4 protein chains.
Amino acid sequence: MRAPFDGAVAGVTASAPHAMIRTPRANAAAKAKPAGRTRRQEKAEQVRLALFDAAARVVGKHGYAGASVARITTLAGVAQGTFYNYFASRQDLLDQLLPAMGEEMLAHIAAEVRGERDEVAREERRFRAFFGFLQKRPAFLRILNEAEVYAPRGFRAHFANIAAEYRRALERAHERGALPGFADDEIEPLVFLLMAARSYTSLRYAQGPAGRVKAPPESLIRAYVKLLRHGLAGGTAGP
Amino acid sequence: MRAPFDGAVAGVTASAPHAMIRTPRANAAAKAKPAGRTRRQEKAEQVRLALFDAAARVVGKHGYAGASVARITTLAGVAQGTFYNYFASRQDLLDQLLPAMGEEMLAHIAAEVRGERDEVAREERRFRAFFGFLQKRPAFLRILNEAEVYAPRGFRAHFANIAAEYRRALERAHERGALPGFADDEIEPLVFLLMAARSYTSLRYAQGPAGRVKAPPESLIRAYVKLLRHGLAGGTAGP
Amino acid sequence: MRAPFDGAVAGVTASAPHAMIRTPRANAAAKAKPAGRTRRQEKAEQVRLALFDAAARVVGKHGYAGASVARITTLAGVAQGTFYNYFASRQDLLDQLLPAMGEEMLAHIAAEVRGERDEVAREERRFRAFFGFLQKRPAFLRILNEAEVYAPRGFRAHFANIAAEYRRALERAHERGALPGFADDEIEPLVFLLMAARSYTSLRYAQGPAGRVKAPPESLIRAYVKLLRHGLAGGTAGP
Amino acid sequence: MRAPFDGAVAGVTASAPHAMIRTPRANAAAKAKPAGRTRRQEKAEQVRLALFDAAARVVGKHGYAGASVARITTLAGVAQGTFYNYFASRQDLLDQLLPAMGEEMLAHIAAEVRGERDEVAREERRFRAFFGFLQKRPAFLRILNEAEVYAPRGFRAHFANIAAEYRRALERAHERGALPGFADDEIEPLVFLLMAARSYTSLRYAQGPAGRVKAPPESLIRAYVKLLRHGLAGGTAGP
DNA sequence: AATGAATGAGAGTTCATTCAT
DNA sequence: AATGAATGAACTCTCATTCAT
């Protein structure tokens, strides 16, 4: 709700699909008093969050290549050494960035799609929600973009998350008979084709100057919907 | 046929759509004796080519991040300092890599599409030809992938090249009435959606272990063609 | 018999020849109630012992260089900060390690020598007992080895201990007329020459792979005894 | 002859038992003009020597642990990066230090021993020459001492060198009948016992304050000679 | 007395670029 | 035009020690 990541990190912790997330706190947790978190734990969590948040901002602004530990810790307001109390390495944090924000994105999109029955309309909502999320979290665009190269482990985790979610959605649609012409082994390719549309066009249309993020033009959404509804024929007969 | 890039580089030099490509050679060319190239010029061109070729191989194998000037010059068999007689900076060469290979790719695809009239069938041919090219030039997949992050200028130049070519094709199709449902301002989005499909799926399907490049599965191509032909409905009525 | 050092440390405390050994406990000891140790004191002594024992194990396995406070406290099962309640610094503990084990070694050797009257035979027993001790306490070999460089104060203390003991033995032998050719001022050099033999050959012959400790070959002991009995002539006339 | 290492390094290069010695120059050497060294090569050799010399001084003064690349390069008057043009790593240089000086030591000792026939007298000369060398190269004492722990590869190389040399000498003596009481398999132990005497006593007697090196007392040498000549009996009958 | 997170100086190493030869 | 050694800033990471809780 407020600073980036408050929600995102909580989301990750909740669903916890990231074996790589591990902080010093983890050990101490075992000895924790049953009655709620201690002050120390709270403070530690704050620092962790501050580092996470700082990393997201720094990557958003300078890219992964420019995300030095020095920059991140300075922005977070802690000493460089402190970083290594929370993350095993620079790469460790970098690899957690995308999956964490990805969870948040998924939640954001899911909320927008709820209620719509028609599959193309659902996809249109997802598409719009994706772009909406980019505006809510401008850093995400760059993080998403560069992660494949700079944080491949994190990228793969995120990719698997998103693809699994998408696949579930398309498989349900398939069962409902909403994708009549497609065979079972064509669902996965379809997943990637839809992810491609979203991801690739965001690079062209959302990326503004100086890290700014723009809303996508309606013509893009119209073209996408037509393609999904009728293919390249685009709906000859008109709506 | 033989070493990568002999053709590619020639192609670039020929069509020269890259404002950023400018080397010390350019100056020398101005002074060239009218009667053909001197020995010196030929030798220089050879060195330039060797550096280019070495860079492509190195990036293909080690990625842009691992493409140090030392590695490139060692592979090319020249001293490190020599590099800067031909390229303004490491980045300069890196930015020329993708546009050069992109020209070659364009030529390869154009040759495969020739003769086909149906627009969906043409796109299928392009799609197949793209994957075919990846197998011919395995290094291209990695270069294409990483360029956006490591050689953004080069990536943009390449992207503009490809998009322009695509746009021309789709606009001709549009004029022929092959994209009946689409408005003028939806052609460009369509271009990006088709590029997205090609580019994004290549990452998922073509990337084999250890830099190997695989052929795409037929299910992917079937799904793509169905999507183009009928949208998500996928051709309920059958072909 | 059980955890290393129970005895060793007790020994140190008993004979206390180490001016440098002084821990927070020492203060507490002053305030001790006359009637035996309190629970608190016992607990504290346990922690001290645990740290000591952990340090010996860590140095035995990872060497002094790898004996970080973090590793030692983790193995001892206490927090890092606790360390500084018992030792003034990392170096302080490290410097106590060798003298403590050295006392144990001395006791071990003394027990083996008892009863033998011939001086060369006594030295042979010491020599064998030294190697025997190494096998009983494998960590000692590494500690002894590295202490000179990493814990020079501790090394000097240990060295002085051993040399003093040795000197006492040789002086008694001298008085008995067992070292007929040597002048008074040659006793000390002799001490160092005997210590040299023991210490140096242990590095060559006892050190096995992966911290394992081997028994010395009999040929070494034969050569040593011959040297002591007859010099380089080695006993031409037979024994 | 002048600055430390001029000779030492040459010595190493000559007998070259150190597979680990490798500098960038090695490549270039292949292309070298036949007619003598170029200026560049000479300069490079100078820098290499300067680094070597600086390293020896630094280790002599601050120990291996204090021999940071920064200190070494500062003393040598070159930039830190330059270091890595000559040595693969800090450890690489550190491992070369002892073998290089060891060769010089060997030469020094050999020169002193020449001419003497009696084996004990030869060993006395070696012993004296060893201490003499320590005074000529004060840094050597510390380097020798710490190498086992900080530069184990270098130490092993040096140790093997010295032991081989010694062994050759003792085997020749053995063949001459100079070590009448010793069996073949006792020669090696003898080698180590003599090396022990030299090495260990140097720590006790040569080490002065502040890296100063003292001459050994005559009593040490007398004791040593007596031990070698008659064993612990020390020559009852007198000379 | 025990905790353990925070600190920050300092380590080794890399590499694009320069420039005297 | 070619060389390749020199440069030095920048990087990630370690760890003994401190100190508020």
Side-chain angles (χ1 to χ4, degrees), chain A residues 23-25 27-28 31 38-41 43-44 46-48 65-73 77-91, chain B residues 24-25 28 40 43-44 47 65-74 78-92, chain C residues 24-25 28 40 43-44 47 65-74 78-91, chain D residues 23-25 27-28 31 38-41 43-44 47-48 65-73 77-91:
Chain A
T23 75
R25 291 284 65 218
N27 308 335
K31 304 183 193 171
T38 66
R39 288 250 191 68
R40 264 220 185 107
Q41 279 177 325
K43 184 152 181 252
Q46 272 175 20
V47 173
R48 221 189 86 92
S68 67
V69 173
R71 258 215 267 250
I72 293 169
T73 50
V78 299
Q80 265 199 79
T82 300
F83 184 94
Y84 293 90
N85 289 338
Y86 292 88
F87 302 96
S89 65
R90 170 183 174 270
Q91 197 58 53
Chain B
R25 285 288 64 213
R40 256 225 183 73
K43 172 117 191 288
V47 174
S68 65
V69 174
R71 253 216 269 252
I72 293 169
T73 50
T74 298
V78 300
Q80 229 166 300
T82 303
F83 184 94
Y84 293 87
N85 290 337
Y86 292 89
F87 300 95
S89 67
R90 171 182 173 269
Q91 198 59 52
D92 177 28
Chain C
R25 285 287 67 211
R40 255 222 181 82
K43 174 120 191 283
V47 174
S68 65
V69 174
R71 254 216 269 249
I72 293 169
T73 50
T74 298
V78 300
Q80 229 165 301
T82 302
F83 184 95
Y84 292 87
N85 289 338
Y86 293 88
F87 300 96
S89 67
R90 170 182 175 270
Q91 197 59 51
Chain D
T23 76
R25 289 285 63 216
N27 309 334
K31 304 183 190 171
T38 66
R39 289 249 190 70
R40 262 219 187 112
Q41 279 177 324
K43 182 146 182 259
V47 173
R48 218 190 87 91
S68 66
V69 173
R71 260 215 265 250
I72 294 170
T73 50
V78 300
Q80 264 200 88
T82 301
F83 184 95
Y84 293 89
N85 290 339
Y86 292 87
F87 302 95
S89 64
R90 169 183 175 269
Q91 196 59 51

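Since the model is a prediction, treat every value here as computed from it, not as a measurement. In the text below, chain A, chain B and the rest are named by the order of the sequence lines, each starting its count at 1.
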Novice: Mind grabbing the angle between the end helix axes of the helix from E/dA2-F/dT21 to E/dT21-F/dA2? Five pairs an end, 10° rounding.
Specialist: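 About 10°, once rounded to a multiple of 10°.
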Novice: Could you state the interatomic distance from CG (B/Asp92) to CZ (B/Phe83), rounded to the nearest 0.5 Å?
Specialist: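 B/Asp92 atom CG to B/Phe83 atom CZ measures 7.5 Å (nearest 0.5 Å).
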Novice: So, for A/Arg48 and A/Tyr86, which heavy atoms are closest and what is the spacing to 0.1 Å?
Specialist: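 So the two residues come closest at CG-CD2, 3.5 Å.
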Novice: Using whole Å, what does the distance between atom P of nucleotide E/dA16 and atom CD1 of B/Ile72 come to?
Specialist: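 Spelled out: CD1 on B/Ile72 to P on E/dA16 is 8 Å.
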Novice: Do the side-chain N or O atoms of C/Asn85 get closer than 4.0 angstrom to the phosphate oxygens (OP1, OP2) of E/dA1?
Specialist: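 C/Asn85 to E/dA1 OP1/OP2: no side-chain N or O under 4.0 Å.
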Novice: Rounding to a whole Å, what distance do you find between D/Lys43:NZ and F/dT3:C1'?
Specialist: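 Distance check: D/Lys43 NZ to F/dT3 C1' gives 14 Å.
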Novice: In whole Å, what is the span from the CZ atom of A/Arg71 to the P atom of F/dT12?
Specialist: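 The distance from CZ of A/Arg71 to P of F/dT12 comes to 10 Å, rounded to the nearest Å.
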Novice: Expressed in angstrom and rounded to an integer, what is the separation of D/Gln41 atom CD from F/dT3 atom C1'?
Specialist: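 Rounded to whole Å, this separation is 13 Å.
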Novice: Rounded to whole angstrom units, what separation is found between the OH atom of A/Tyr86 and the C1' atom of F/dT14?
Specialist: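 In whole Å, F/dT14 C1' lies 17 Å from A/Tyr86 OH.
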Novice: Hey, could you give me the OG1/CD distance between C/Thr74 and C/Gln80, rounded to the nearest 0.5 Å?
Specialist: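 It comes to 7.0 Å.
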Novice: Could you tell me whether a side-chain N or O of A/Arg71 sits under 3.5 Å from a main-chain N or O of A/Gly66, the two making a donor and an acceptor?
Specialist: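 Looks like yes, one N/O pair under 3.5 Å.
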Novice: At under 4.0 Å between heavy atoms, how does the protein contact nucleotides 16-21 of chain F? Give one character per nucleotide, 5' to 3', with B, S or -.
Specialist: SBB-BB
Novice: Quick one: on DNA chain F, does D/Val47 or B/Thr82 contact a more 5' nucleotide (nearest heavy atom)?
Specialist: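 Mapping each residue to its closest nucleotide by heavy atoms, the 5'-most match is B/Thr82.
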